[in-house]
**Q** 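For reference, the structure I am asking about is given below.
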Amino acid sequence: MERVTKMVSERPVVIFSKSSCCMSHTIKTLFCDFGVNAAIYELDEISKGKEIEQELSRLGCSPSVPTVFIGGKLIGGANQIMSLHLNRTLIPMLKKAGALWV
């Protein structure tokens, strides 16, 4: 879990994704549309991607992608992100983490 902890500490928003996952694409597009410059790790394209996916599973991420961290905290997957967006708490969370300035 050290690897994931280090990765998520480097940027305000970190998204673990797979290039073939439609829900990952949706979440990445949402953050991009907000103007968030997220660190995106495509687990099917990076070395040690399988190991990182196993670490995410041990953290309780099921399914393992997409998994979003904001401000170093595990937020969850697509359902959690969309729920936050719909109840209007996602943008304030992104501002607090320093990922949005507007």
**Q** Can you see which heavy atom on Val13 is nearest to which on Ala99, and at what distance?
**A**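 The answer is CG2-CB, 3.6 Å.
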
**Q** Say whether Val68 and Met23 are linked into one hydrophobic cluster, either directly or through other cluster members, by side-chain heavy-atom distances under 4.5 angstrom.
**A**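 No, Val68 does not connect to Met23 through the hydrophobic network.
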
**Q** Would you give the length of the straight line joining atom CD of Glu51 to atom CG of Leu56, rounded to the nearest 0.5 angstrom?
**A**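 CG of Leu56 is found 12.0 Å from CD of Glu51.
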
**Q** So do Asp44 and Glu53 actually touch side chain to side chain, heavy atoms under 4.5 Å?
**A**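 A side-chain contact under 4.5 Å is absent here.
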
**Q** Compare all side-chain heavy atoms of Ile40 with those of Phe16 and state whether any distance is below 4.5 angstrom.
**A**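 Of all side-chain heavy-atom pairs linking Phe16 with Ile40, none is under 4.5 Å.
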
**Q** Any non-hydrogen side-chain atom of Lys28 less than 4.5 Å from a side-chain atom of Ile15?
**A**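 Result yes, sub-4.5 Å side-chain heavy-atom pair found.
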
**Q** What is the minimum heavy-atom distance between Pro66 and Ile27, and which atoms define it?
**A**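 Residues Pro66 and Ile27, closest heavy atoms: CG-CG1, 3.9 Å.
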
**Q** Could I get the full list of side chain to side chain contact (heavy atoms under 4.5 Å, CB included) partners for Asn37, not counting sequence neighbours?
**A**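 Testing Asn37 for side chain to side chain contact (heavy atoms under 4.5 Å, CB included), a comparison that skips the adjacent residues, returns Arg11.
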
**Q** What side-chain donor-acceptor pairs closer than 3.5 Å can you find for residues 69-80, not counting sequence neighbours?
**A**
from  : atom 1 : to    : atom 2 : distance (Å)
Gln80 : OE1    : Gly77 : N      : 2.8

**Q** Kindly give the heavy-atom pair with the smallest separation between Ser64 and Ser57, and that separation in Å.
**A**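 Looking at all heavy atoms of both residues, the shortest contact is CB-OG, 4.2 Å.
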
**Q** State whether a side-chain donor-acceptor pair under 3.5 Å links Ser17 with Glu42.
**A**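 A donor-acceptor contact under 3.5 Å links the two side chains.
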
**Q** CD/Gln54 to CZ/Arg3 distance, rounded to the nearest 0.5 angstrom?
**A**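 So the gap between those two atoms works out to 10.0 Å.
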
**Q** I want to check something: taking the side chain as every heavy atom from C-beta on, are Ile46 and Tyr41 in contact at a cut-off of under 4.5 Å?
**A**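 Heavy-atom side-chain distance check passes, below 4.5 Å.
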
**Q** When you measure from the side chain of Thr26 to the backbone N and O of Cys22, does any donor-acceptor pair fall under 3.5 Å?
**A**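 Yes; judged by distance alone, with no hydrogens or angles, the pair exists.
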
**Q** List the atom of Val8, the atom of Val14, and the distance in Å for their closest heavy-atom pair.
**A**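 Val8 and Val14 have their closest heavy atoms at CA-CG2, 3.7 Å.
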
**Q** Please report, to 0.1 Å, the donor-acceptor pairs under 3.5 Å made by any side chain of residues 85-94, with sequence neighbours excluded.
**A**
from  : atom 1 : to    : atom 2 : distance (Å)
Asn87 : OD1    : Thr89 : N      : 3.3
Asn87 : OD1    : Thr89 : OG1    : 2.6
Asn87 : ND2    : Ser83 : O      : 3.4
Thr89 : OG1    : Leu84 : O      : 3.3

**Q** Would you say Glu2 has more than 12 foreign heavy atoms packed within less than 6.0 Å of its CD?
**A**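 No, CD of Glu2 has 12 or fewer neighbouring heavy atoms, counting only those of other groups under 6.0 Å.
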
